[in-house]
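One structure is given below, encoded as structure tokens.
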Amino acid sequence: MSRKKIVAGNWKMNMTPSEAVALIETLKPLVANDEVDVVFCVPAIDIIPAQEAAKGTNIQIGAENLYFEEKGAYTGEISPAMLVDAGVKYVIIGHSERREYFAETNETVNKKVKKAFEHGLTPIICCGESLTQREQGITIDWIRQQIKIAFLDVTAEQAKTAVVAYEPIWAIGTGKTATSDQAEEVCAAIRACIGEIYDEATAAAIRIQYGGSVNGGNAAELFAKPDIDGGLVGGASLKPDFGAIVNYNK
Ligand code: PGA
């Protein structure tokens with residue numbers, strides 16, 4: 001089965017609304033590539049102006065987080081219905097920065113994943129090991145646990161449409177990219193784990209990204225691996241280099 005590549009930018013806590021519009025104007029012509037799904041996951045306050053700026057282009061606007069309740073007394077949170085109403089289709093869930101600084105756990109990730117699906121949003125579910133875990137040789141066990149909990153009570157039909165982002169924590173924002181073989185090894189293990197939880201068809205359908213210092217120079221080699229279906233890109237998504245990543249096949 002052939003899976004469409006998906007390249008998503010993760011803007012993190014960067015770009016004011018007016019800066020967001022200017023950046024989209026700059027990147028618009030550089031990210032035109034119909035063979036790839038192109039998503040800009042932006043801060044919540046940038047979503048609406050970003051949608052407006054991206055109108056008529058191949059850019060889809062995504063979010064960086066959501067809350068797992070429908071509505072109510074959760075000061076400061078963004079509900080799935082708010083994202084849907086703002087035209088969002090993709091939402092990053094469980095990024096390692098959210099796990100580290102905002103106390104997200106495998107369990108809250110699972111709640112958010114289920115809530116996203118309930119509202120027809122496609123979650124980009126993040127997983128990844130620390131350097132210590134890699135050195136201890138427990139990377140695959142750790143990732144399998146993250147995946148198994150993230151997908152608890154998620155149906156096969158939902159899982160088929162999910163995106164998983166494998167992001168080794170030691171490679172994020174460090175300029176230290178995993179080698180394409182290291183990235184492929186874990187992405188293949190994630191696909192095998194999905195196959196165990198569900199079945200071969202689900203494993204074959206789900207899209208798995210690599211993230212961690214992806215740039216225009218390394219994207220083609222990473223995305224050529226059989227189990228890597230694109231990338232989740234932080235730093236380089238704020239620069240013209242993002243165009244080179246999206247057009248890795250040109
Ligand atoms: P990076 O970030 O590309 O800057 O390493 C990736 C991410 O955190 O999603």
Side-chain angles (χ1 to χ4, degrees), residues 5-15 19-20 23 27 30-31 36-44 46-47 50 59-66 88-104 109 112-113 116 122-131 133-134 139 142-143 146-147 150 162-180 182-184 186-187 190 207-223 225 228-248:
K5 292 271 196 277
I6 175 165
V7 175
N10 171 13
W11 286 14
K12 310 193 178 186
M13 196 175 74
N14 294 294
M15 300 292 137
E19 288 169 346
L23 181 61
L27 294 184
L30 307 178
V31 300
V36 173
D37 279 331
V38 179
V39 186
F40 287 20
C41 296
V42 306
D46 295 344
I47 289 172
I59 300 167
Q60 305 181 73
I61 302 299
E64 298 180 12
N65 187 24
L66 56 64
V88 163
K89 164 116 200 295
Y90 293 93
V91 55
I92 298 173
I93 292 180
H95 189 278
S96 59
E97 288 150 18
R98 300 239 22 116
R99 294 177 191 254
E100 182 177 356
Y101 305 126
F102 304 99
E104 294 206 11
V109 167
K112 290 182 176 195
V113 167
T122 300
I124 299 177
I125 305 162
C126 299
C127 60
E129 82 287 2
S130 67
L131 188 56
Q133 289 167 327
R134 177 156 285 267
T139 296
W142 176 258
I143 302 286
Q146 288 186 317
I147 294 296
V163 179
V164 171
Y166 165 56
E167 299 202 303
I169 296 168
W170 48 271
I172 295 176
T174 57
K176 212 175 147 193
T177 319
T179 65
S180 55
Q182 283 173 323
E184 167 61 19
V186 180
C187 291
I190 293 169
R207 293 189 288 180
I208 304 174
Q209 299 172 313
Y210 165 77
S213 300
V214 174
N215 60 45
N218 58 30
E221 185 183 334
L222 287 161
F223 299 174
K225 292 292 182 184
I228 301 181
D229 306 312
L232 182 57
V233 183
S237 71
L238 302 170
K239 301 182 195 145
D241 196 32
F242 195 60
I245 299 171
V246 167
N247 288 292
Y248 74 97

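Start at 1 and go down the list; that is how both ligands and their atoms are numbered.
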Partner residues of Arg99 under the salt bridge (charged side-chain N to carboxylate O under 4.0 Å, His left out) criterion, sequence neighbours left out
none

With sequence neighbours excluded, what pairs up with Trp11 under the side chain to side chain contact (heavy atoms under 4.5 Å, CB included) test?
Met15, Ala20, Leu23, Ile24, Phe40, Val42, Pro43, Asp46, Glu64, Ser237, Leu238

In this structure, CD1 of Ile172 is separated from CG of Asn10 (nearest 0.5 Å) by 8.5 Å

Below 4.0 Å from any atom of ligand 1, which residues have a heavy atom? Give them in chain and number order, please.
Asn10, Lys12, His95, Glu167, Ala171, Ile172, Gly173, Gly212, Ser213, Leu232, Val233, Gly234, Gly235

Residues passing the side chain to side chain donor-acceptor pair (under 3.5 Å) test with Thr139, sequence neighbours excluded, are none

With a sphere of 6.0 Å drawn around CH2 of Trp170, does it hold more than 12 non-hydrogen atoms of other residues, nucleotides or ligands?
yes

Above 12 or not: heavy atoms from other molecules or residues under 6.0 Å from NZ of Lys12?
yes

